[in-house]
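Heavy-atom basis, side chains included; hydrogens, waters and symmetry copies ignored. Within every chain, numbering begins at 1; the chains are lettered A, B, ... in the order of the sequence lines, protein sequences first and strands thereafter.
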Amino acid sequence: MKRTCIKDALNAESSVTEILIKGWVRTKRDSKGFSFLEINDGSCIKNIQAIIDHTPEIVAVLEKINTGASVSITGELIESPGKGQKWEVRGKTVELLGAADAETFPLQKKRHSDEFLRTIAHLRPRTNKFGAMFRIRAELSYAIHKFYRDKGFFYVHTPIITGSDCEGAGEMFRVTSLDHETLSKTKKEEQGARDFFGQESHLTVSGQLSAEMYALSLGNVYTFGPTFRAEKSNTPRHAAEFWMIEPEMAFADLDDNMDLSEEMVKYLIAHILEHCPDDMELFAKFVDKTLMDTLKNISENSFERITYTDAIELLQRCKKASKFEYKPEYGLDLQTEHERYLTEKHFKKPVIVYDYPVEIKPFYMRLNDDGKTVAAMDLLVPRIGELVGGSQREERLDVLERRITDMGMDTEDYWWYLDSRRFGTAPHAGFGMGFERMLMLLTGVTNIRDVIPFPRTPKSLEF
RNA sequence: UCCUCGGUGGCUCAAUCGGCAGAGCGGGUGACUGUUAAUCACUAGGUUGGGGGUUCAAGUCCCUCCCGGGGAGCCA
């Protein structure tokens, strides 16, 4: 007999005379003469209840079954005479596939703290909350591909190992095949030449520069993959390994970029609400009671768009101005408290801040006609802060070369990047969105460590 | 990296002014013929994060290290 997954069994239209269910025992309740088993197989958040009459043989098996054990049950799918569920399995046979010792199995039937569950990251997907989280994560991943594919974007696999030591963001992880001894005996300048690639190599911090090359060939493209930052930032919003979506559009400007980011965020919310209602319900009920209102608010309203200059002025003039720890000032980056004020207090919705001072943004962002600002954009959302960061790219060779030189970098290192401006350059724009941050926004979960299966953070690499 | 709050049974926490280390849940044993994180009774379980110090006496005070949470910086 073929296994029926619990999701399908619970969606049955009529009773089934013979059914095979496999899964993990969430609870066992014994009475005189029979037992109830709640089984979950991960196919959905709900368990199926099996009722099993006691016979000497079955009691012998049931005695070895505890919370956490994996079992295989055959029987009949019938309408449940009890309250609380439509269907249940009246079991005929019960087989113990894998026992779980009750004294040492760490998950109990009660709620556990997120902190404790992080210490057993290998078992937490067996809980309702993390099961729901990682089903949503899978669905969100699919939704991203669907969104871009439907719009005619091509998915580009940009490299994980890179040679460019400056992609414009953050500290990088060094990649080397040299052993520790060789490394310590070799002079810093000579290490690269002796290494696998004949030069120093790192884990990518962004696929953007590569994606630009493909946008200027295939038109509209996106990357979706892991990225790595060696920053020792210890916050609930940062991880050393995280996933990023980076679309890049040829013949597009900053407005197109802003439109795309807004459309994407709204699409992803709608997709998850439509396809993961049961899993989302858990987060709306137990994690963030305002979640549905927040998501509705984001879907139904257009995002506020404001220039950096206007945003600074607004912050300087607002009632809270004197209470900011950091004074808002033209030429300085917006602080967390400023972002929160804009999205949570003032506009009460997502805000796109654009046209930033050239001094605080990387070399590849397009210089505006005023000569003082670049065509950059940050999408800020309540609670999460920066969800998306992007820009129209500098397509003019001379301006780009000057920017690279001005920032103390060598144009030689970017020869292939500059080639795209040398041969058939075109206006183009793109952005990056943190996948985990989108997931946090969707679920109301406030710690990035709880939206990624095995989180990598400073001093933490157990799993 | 800085600021801040924590670390007590498997989990979540309590312990007054420095004076006998406790509860709920979970576990074990038993009861119960439709339970719903079942219920009821009984029961076992502790080097109070590590090291050092003060004291007649330290979970509690001091020093130090480790680990975790929250905030900041940086960012996605």
Report yes or no: is there a donor-acceptor pair, N or O only, under 3.5 Å between the side chain of A:Glu115 and the base of B:U12? no
When the C1' atoms of B:U39 and B:A15 are compared, how many Å lie between them, rounded to an integer? 30 Å
Apply salt bridge (charged side-chain N to carboxylate O under 4.0 Å, His left out) to the pair A:Lys46 and A:Asp279, showing each step before the final yes or no. CA-CA 9 Å; A:Lys46 289 184 182 128; A:Asp279 289 327; over 6 Å; no
Identify which nucleotide among B:C67, B:C11, B:U1 has an atom closest to any side-chain atom of A:Lys232, counting heavy atoms from C-beta outward. B:U1
Whether A:Thr235 contacts B:G73 is assessed here as follows: a side-chain N or O lying under 4.0 Å from the phosphate OP1 or OP2. Is that the case? no
Whole angstrom is fine here: how far is it from CG in A:Leu332 over to P in B:C75? 12 Å
Taking only side-chain nitrogens and oxygens of A:Lys109, does any of them come within less than 4.0 Å of OP1 or OP2 of B:A37? no
Proximal nucleotide (of B:U35, B:G69, B:G73) relative to the A:Arg449 side chain: B:G69
Figure out the CZ/P separation between A:Arg383 and B:G71, and round it to whole Å. 12 Å
Closest to the A:Glu88 side chain, choosing from B:U35, B:U1, B:G28: B:U35
Does any part of the side chain of A:Glu263, heavy atoms only, come nearer than 4.5 Å to the side chain of A:Lys151, both counted from C-beta? yes
Heavy atoms under 4.0 Å, any strand shown: does A:Asp30 hit a base, just sugar-phosphate, or nothing? base
Atom CZ of A:Phe105 and atom P of B:G28 are separated, to the nearest Å, by 13 Å
Look at the side chain of A:Ala102 and decide which nucleotide, out of B:C67, B:G34, B:G27, has an atom nearest to it. B:G27
Of all heavy-atom pairs linking A:Gly389 and A:Asp378, the shortest is CA-OD1, 3.6 Å
Using whole Å, report how far CG of A:Leu379 lies from P of B:C75. 17 Å
Roughly how many Å apart are B:G53 and B:G68, using the P atom of each and rounding to a whole number? 28 Å
Indicate, with a heavy-atom threshold strictly under 4.0 Å, whether A:Gly33 touches base, sugar-phosphate, or nothing. nothing
In whole angstroms, the gap separating C1' of B:U4 from CG of A:Asn234 amounts to 14 Å
Test side-chain contact (heavy atoms from CB on, under 4.5 Å) on A:Val25 and A:Glu38 and set out the steps. CA-CA 6 Å; A:Val25 174; A:Glu38 293 269 346; over 6 Å; no
Are A:Phe224 and A:Tyr148, when compared by the centres of their aromatic rings, separated by less than 6.0 Å? no
When all nucleic acid strands are considered with a 4.0 Å heavy-atom cut-off, which category describes A:Phe242: base, sugar-phosphate, or nothing? base
Just how far, in rounded Å, is P of B:G28 from CG of A:Asp101? 8 Å
How close or far is atom C1' of B:C74 from atom NZ of A:Lys361, stated in whole angstroms? 12 Å
Would you mind telling me which of B:C67, B:A37, B:A72 lies closest to the side-chain atoms of A:Arg111? B:A37
Which pair of non-hydrogen atoms, one from A:Ile160 and one from A:Phe228, has the smallest distance, and what is that distance? CG2-CE1, 3.6 Å
I want to verify a distance call: between B:A72, B:U35, B:U33, whose nearest atom is closest to the A:Phe34 side chain? B:U33
Within the pair A:Gln49 and B:G34, is there a side-chain N or O less than 4.0 Å away from OP1 or OP2? no
Would the base of B:C75 count as contacting A:His238 through its side chain, where contact means a donor and an acceptor less than 3.5 Å apart? yes
State, without any angle test, whether A:Tyr222 and A:His145 hold a side-chain donor-acceptor pair at a distance under 3.5 Å. yes
Say you pick atom P in B:C13 and the same atom in B:G69; how far apart are they, in whole Å? 14 Å
Please determine whether any donor N or O and acceptor N or O are separated by less than 3.5 Å between the side chain of A:Arg90 and the base of B:G34. yes
Counting the atoms with a prime plus P, OP1 and OP2 as sugar-phosphate, which does A:Ile51 contact under 4.0 Å by heavy atoms, base, sugar-phosphate, or nothing? base
For A:Pro106, answer base if it contacts any base atom (sugar-phosphate contacts may also be present), sugar-phosphate if it contacts only those atoms, and nothing otherwise; contact means non-hydrogen atoms under 4.0 Å. nothing
Roughly how far, to the nearest 0.5 Å, is CZ of A:Arg118 from OG of A:Ser460? 10.0 Å
P spacing across the pair B:A14 / B:U54, given as an integer number of angstrom: 30 Å
OP1, OP2 of B:A37 versus side-chain N and O of A:Thr27: anything below 4.0 Å? no
Looking at the side chain of A:Lys459, which of B:C67, B:C11, B:U33 is the nearest nucleotide? B:C67
For B:G70 and A:Asn447 - does any side-chain N or O of the residue sit under 4.0 Å from the phosphate oxygens OP1/OP2? yes
Rounding to the closest angstrom, what is the interatomic distance between B:A21 and B:U47 at atom P? 14 Å
Of A:Thr446 and A:Phe36, whose closest RNA chain B nucleotide lies nearer the 5' terminus? A:Phe36
Quote, to the nearest angstrom, the P distance that separates B:G70 from B:A31. 47 Å
Options B:A37, B:G28, B:G73, nucleotide nearest the side-chain atoms of A:Tyr326: B:G73
Among B:G28, B:G71, B:U35, which nucleotide sits nearest the side chain of A:Arg29? B:U35
Phosphate contact (B:G73 OP1 or OP2) by A:Gln335 side-chain N/O below 4.0 Å: yes
Below 6.0 angstrom between ring centroids: does that apply to A:Phe34 and A:His54? no
Over all strands shown, is A:Ser113 touching base, sugar-phosphate only, or nothing at heavy-atom distances under 4.0 angstrom? sugar-phosphate
Can you check whether any acceptor in the base of B:G10 is under 3.5 Å from a donor in the side chain of A:Gln108, or vice versa? yes
Rounded to whole angstroms, how far apart are CG on A:Leu334 and P on B:A72? 14 Å
Using distance alone, with no hydrogens and no angle criterion, decide if A:Arg29 and A:Gln49 have a side-chain donor and acceptor under 3.5 Å apart. yes
Distance check, P atoms only: B:G24 and B:C42, in whole angstrom units. 11 Å
Salt bridge A:Asp114-A:Lys129, side-chain N to carboxylate O under 4.0 Å: yes
P spacing across the pair B:G18 / B:G10, given as an integer number of angstrom: 29 Å
List the atom of A:Ile45, the atom of A:Ala132, and the distance in Å for their closest heavy-atom pair. CD1-CB, 4.1 Å
For RNA chain B, whose closest nucleotide is more 5', that of A:Glu386 or that of A:Pro458? A:Pro458
Nearest to the A:Glu103 side chain among B:G27, B:U35, B:C75, which nucleotide is it? B:G27
Dot-bracket pairing map - RNA chain B, Watson-Crick plus G-U, both contacts under 3.5 Å, | cross-strand: (((((((..((((.....[..)))).(((((.......))))).....(((((..]....))))))))))))....
